[in-house]
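Both counts, for ligands and for their atoms, begin at 1 and track the order of listing. Since we're looking at a predicted model, the values are computed, not measured.
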Amino acid sequence: MERLEIKSRKNKLYKEVEELSGQNLFGCYQCGTCSAGCPFIEDMDLTPDEVIRQVIMDNWEVLKSRTIWLCSSCYTCAERCPRDIDITKIMEALRQIILRLNIDKCDLSAIPMEKRKRIPQIAFVSAFRKNIG
Ligand code: SF4
Ligand code: SF4
């Protein structure tokens, strides 16, 4: 996410994420169960449990991670977490923080018309959902 300029802000990142997601990040004991079941783990640059750890450490650089956008909100991790942490909501909160910085991850107008015709409609729906989350 090269366009994203991250600066540490006054607020702690974990506080913003907790407020938006309603999840207790400090309940995570880093067991990795969420990552073990994630269907997109192979393409992620950080595993979901690593994302949580970075947020707790107040590392704003985590907002550059592809993982946040690759998450498909499938809820597998949320279903399996032994601490009942809804990681899906945490990913959504991180996307919201990025979008509130007025940064659009998906620039659909940049996709050539020819390619647009071949992209499944569900992919567009998914992209829009992430933009209005
Ligand atoms: S499954 Fe739950 S407790 Fe385990 S690492 Fe993931 S979020 Fe943390
Ligand atoms: S909700 Fe996101 S992070 Fe969790 S298993 Fe599904 S794709 Fe992976």
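Protein residues having at least one heavy atom under 4.0 Å from any atom of ligand 1 are Cys28, Tyr29, Gln30, Cys31, Gly32, Thr33, Cys34, Asp49, Ile52, Cys81, Pro82, Arg83, Ile87, listed by chain and number.
Here CZ of Arg83 is found 13.0 Å from SG of Cys34. Values are rounded to the nearest 0.5 Å.
For the residue pair Ser21 / Asp86, no side-chain donor-acceptor distance below 3.5 Å is found, with atom types taken as modelled.
Between Cys28 and Ile85, the shortest heavy-atom contact is N-CD1, 3.3 Å. Minimum heavy-atom separation, Asp43 to Leu70: O-CD1, 3.1 Å. Nearest heavy atoms, Thr67 versus Met44: OG1-CB, 3.3 Å.
For a distance bound of 2.8 Å, the N, O or S atoms of Cys71 include one lying that close to atom 2 (Fe) of ligand 2.
With sequence neighbours excluded, the residues forming a salt bridge (charged side-chain N to carboxylate O under 4.0 Å, His left out) with Lys117 are Glu114, listed by chain and number.
A salt bridge links Glu61 and Lys64; the closest N-O separation between the charged side-chain nitrogens and carboxylate oxygens is under 4.0 Å. The pair Glu92-Arg95 meets the salt-bridge criterion, with a side-chain N (NZ, NE, NH1 or NH2) lying under 4.0 Å from an Asp/Glu carboxylate O.
Atoms of ligand 2 found under 4.0 Å from any heavy atom of Tyr75 (numbered from 1 in listed order, with element): 1 (S), 6 (Fe). Which parts of ligand 2 touch Ser72 is read off a 4.0 Å heavy-atom cut-off, strictly below it: atoms 2 (Fe), 7 (S). In summary, the atoms of ligand 2 found under 4.0 Å from a heavy atom of Thr88, numbered by their order in the structure, are 1 (S).
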